[in-house]
Amino acid sequence: MKRKLYLETFGCQMNVLDSELVLGQLRAHGYESTEDRDRADVILYNTCSVREHAEQKVWSRLGELRPQKQQRPELVIGVIGCMAERDGVDLFRRYPHVDLLCGPGELDKLTQLVHNAVVTGSDRPRQTALMGSNTRRSATLAAAEDNLELLDLSRSINSEDDVAQAYVRITRGCNKFCSYCVVPYTRGPEVHRPPQNIIDEVKRLADVGVREVTLLGQTVNHYHFRHDDGRQTTFAQLLYDIHEAVPHLPRLRFVTSFPRDFTNEALAAMRDCPRICRYLHAPAQHGSDRILKSMNRGYTAGQYYDFVDRAREMMSDISIASDFIVGFPGETEDDFELTMEMVRRCRFKNSFIFKYSPRPGTVAIDRFVDDVSDADKRSRNNRLLAVQQEVSESINRQMIDQTVRVLVEGESKLVSRQAANTGKVELGWEKRPVALAADETQMVGRTPGDQVVVFSGPLSLKGQLVDVRINGAKNLTLFGEYCGSKSPRQTSSITAGSTIAHSV
Ligand code: 5AD
Ligand code: SF4
C-alpha cells in the first residue's frame, strides 16, 4: 500500500516550485499525496524564513502535531526549506517530535531522508541535510549543483495535469546580501542553470498545453551563463532564445527583478517579443538613499527612478510592481515620506508592503537597533498601503472600456461562495446583485500586466486565454464582460492604457 504524504507550502514561488519537484520525486518512489493531515504517514512543511510571522505559522503547526506524534510515534514529521536551513538542529531542541530537516539547497536528498525515516520506525535517528556554513559553499559546490540540476530536470510533466501556468527556475540562490534578508544564507550562492535545460523545460511544458510560464530567480534578471567555450548567455539572450524556440507558448513572464541589474538589452527583449508579458516585479524596498544604503541595496532612489523612466520610455504600457519595507532601523518620518513619494511618482501597479522584521544571522540585526516602534511600523504600513491603493485604483480605472486578454485561472472564490448560498452574486465595485445564467459563474483571470479581472462566464473557460471588456475597477480588481475567445494571432490586446499588437 502506498504511504500517504501531506505537504504544506509557505512563502514564495520558489518554494511552490520546490514543493512540486519534491512531490514528483516522492510520488515516483511510492508515496501518494493527501489533503488530510490526520491520515498522513509523512507530514512535511516547506517553510519560509523571510519574516518572523512566516516562521510563527510553522511553529504553531508543529505545536499542534505534538499530541498526534505521541499517539502515533511512527508518524514522520519533517521541516524542509528556509526554516530548516536557518534554525538547523536547534529546531530539534524546541520541537523534539520533528524527525527530519532538509534545507532548500539539499532537496535532492529529501526522498532518501524520508525513506530512511520511514523504514527505521519510531526509534529512528534524526535525518538532516543542511548546507551549513561551508559544506556546499566550497569544493563540493559543483557536484551539489549537478544534483540540484537533476532535481529540476526530474520534473514530471504530464498532459493529464491540465495546468495552465507553470514556474521554471533559471537561477538558484542570491549573492546580493541585502542587510535585512536571510535568503543568501538559506538558499546559498547564486547559480545559473544551463540555458538549453531551461529552454527544453519550457518547451515540454508548452507541448502539454501550459499557457503561461514564469521564469524564477531571486534576482532573475541577473541571469548569465558561461559556456565551456567561454561564450555567455545573458538574461536578454535567454528571453529571445525561449521566445523563438517555443512559439506555441502564449505567455512568458519572470520574477523577481533586481532594479540595478536591468539592462537596456533585457528591456528591448521585452519590447521586441510579443509573447513576453510587459510586467516587471522590481522591488524598490525604500525611497530614501540613507536607508537604501543601510539596506545594502546598491542603488539610490534616483537610480531607481531612472530605471523606471527607462522601462516606460521603451514600453509605455509596462506594468510595474514593487516591494517596500517600512520601519527599517533608523527610518524617520522624512525617510518614510520619500517612500510615499516614490509610490506616487512611480505609479506601481501594486506594492507588497512589509514591516521590518529583524532576522537572526543577518547583518541588520547585528549592526542596527530595531528602533522604530511597532505602532509606527503599523501606521506607516497603513499609510503607504492607502497611497498605493489610490494609485492602483487610478491605474485600474483607466482600463474601463478597454478590452484585455485574460488568462483564466478559475472560479472566483468569494463569489462562488455567495452564489452557492443565494444564486446571486454581488459585484464588489458597485454592490449590485447579479443573477448568473445556469451555466455561468464568476471567473477570475489575469492580464499580461498582472491585473486581476473578474467576469461572468462558464467554468469551461478555466485555463483559456479570453477577451474581456472592462466595465468596472477597484484598487485590486478589474470587472468586465466576457467577449468570447479568438485566435491569439488575430487579436490585438490592450494593456495598461494603449493598444498593442500583442498575442498574449
Ligand atoms: N523584514 C521585512 N521584510 C522583508 N523582506 C525580506 N526580508 C525582510 C525582513 N527581514 C521583504 C522584502 C522582499 C520580500 C520578499 O520580503 O521586501 O522583497
Ligand atoms: Fe534577499 Fe536582497 Fe537577495 Fe532579494 S536581492 S533575495 S532581498 S538578499
Side-chain angles (χ1 to χ4, degrees), residues 10-18 47-57 81-83 85-86 104-105 169-192 216-223 235 254-262 280-288 291-299 303-304 307 320-331 336 339 342-343 346 348 350-372 374 376-378 380-381 384-385 388:
F10 299 83
C12 63
Q13 293 104 329
M14 205 56 105
N15 270 10
V16 174
L17 175 59
D18 282 341
T47 59
C48 169
S49 280
V50 115
R51 283 170 295 278
E52 192 184 347
H53 182 64
E55 294 199 340
Q56 276 165 351
K57 285 194 221 159
C82 289
M83 263 176 85
E85 188 61 51
R86 199 192 67 68
R169 188 183 343 254
I170 68 168
T171 300
R172 296 186 195 95
C174 180
N175 288 349
K176 295 292 181 201
F177 288 94
C178 300
S179 64
Y180 50 81
C181 184
V182 291
V183 170
Y185 306 96
T186 58
R187 287 200 174 263
E190 202 176 72
V191 179
H192 309 283
L216 294 186
Q218 240 70 43
T219 52
V220 72
N221 54 320
H222 199 231
Y223 177 88
F235 179 60
F254 52 86
V255 288
T256 302
S257 297
F258 192 76
R260 197 188 56 201
D261 297 323
F262 229 103
L280 285 177
H281 180 208
Q285 309 295 4
H286 214 279
S288 150
I291 301 291
L292 284 170
K293 190 152 194 276
S294 45
M295 287 179 162
N296 193 31
R297 288 291 287 179
Y299 55 83
Q303 285 167 326
Y304 189 88
F307 151 71
I320 305 177
S322 182
D323 294 356
F324 286 98
I325 296 178
V326 294
F328 191 77
E331 183 190 67
F336 173 66
T339 295
M342 185 173 263
V343 169
C346 291
F348 295 112
N350 71 295
S351 292
F352 300 96
I353 301 167
F354 306 106
K355 292 186 289 180
Y356 171 64
S357 167
R359 304 310 294 138
T362 60
V363 168
I365 199 172
D366 285 342
R367 205 172 284 173
F368 309 120
V369 179
D370 180 19
D371 57 358
V372 179
D374 202 51
D376 281 343
K377 283 182 184 166
R378 215 171 322 125
R380 289 175 192 172
N381 191 328
L384 191 58
L385 197 61
Q388 178 60 62

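Each ligand, and each atom within it, is numbered from 1 in the order the structure gives.
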Practice task
May I ask you to check if any N/O/S atom from Cys178 comes under 2.8 Å of atom 3 (Fe) of ligand 2?
Solution key: no
Pull out every atom of ligand 1 sitting under 4.0 Å from any heavy atom of [X], numbered as shown with elements.
| X | answer |
| --- | --- |
| Arg359 | 10 (N) |
| Asp323 | 13 (C), 14 (C), 15 (C), 17 (O), 18 (O) |
| Gln285 | 12 (C), 13 (C), 17 (O), 18 (O) |

Practice task
Assess Arg187 for proximity to ligand 2: is some non-hydrogen atom of it under 4.0 Å away?
Solution key: no
Could you check [atom] against the protein and tell me its nearest heavy-atom contact, residue, atom and distance included?
| atom | value |
| --- | --- |
| atom 3 (Fe) of ligand 2 | Cys174 SG, 2.3 Å |
| atom 7 (S) of ligand 2 | Tyr180 OH, 3.4 Å |
| atom 1 (Fe) of ligand 2 | Cys181 SG, 2.3 Å |
| atom 5 (N) of ligand 1 | Arg51 NH1, 3.5 Å |
| atom 6 (S) of ligand 2 | Gln218 CG, 3.4 Å |

Is [X] salt-bridged to [Y], cutoff N-O under 4.0 Å?
| X | Y | value |
| --- | --- | --- |
| Glu85 | Arg187 | no |
| Asp370 | Lys355 | no |
| Glu52 | Lys57 | no |

Exercise for the section: Mind checking the CZ-OG spacing from Phe328 to Ser357? Nearest 0.5 Å is all I need. Expected result: 11.5 Å
Practice task
Classify the contact between Lys355 and ligand 1 as side chain, backbone, both or neither, using a heavy-atom distance cut-off of under 4.0 Å.
Solution key: backbone
Practice task
Check each heavy atom of Tyr180 against ligand 1 and say whether those closer than 4.0 Å belong to the side chain, the backbone, both or neither.
Solution key: both
Handout entry: Enumerated ligand 2 atoms positioned under 4.0 Å from heavy atoms of Thr219
Key = 5 (S)
Handout entry: Proximal atoms of ligand 2 relative to Pro184 (non-hydrogen, under 4.0 Å)
Key = 8 (S)
Exercise for the section: Examine the side chains of Thr219 and Glu190 and answer whether a donor and an acceptor come within less than 3.5 Å of each other. Expected result: yes
Exercise for the section: Using distance alone, with no hydrogens and no angle criterion, decide if Asn175 and His222 have a side-chain donor and acceptor under 3.5 Å apart. Expected result: no
Exercise for the section: Would you check the N or O atoms of Tyr356, main chain and side chain alike, for any that come under 3.5 Å of an N or O of ligand 1? Expected result: no
Problem - cation_pi(Arg260, Phe307) dist<6.0 Å, angle<=45 - result: no
Handout entry: Gln285, His286, His281 screened by side chain to side chain donor-acceptor pair (under 3.5 Å) with Asp323, the one that passes
Key = His281
Practice task
Kindly assign one of parallel, tilted or perpendicular to the pair Tyr223 and His192, based on the angle between their ring planes and the thresholds 30° and 60°.
Solution key: perpendicular
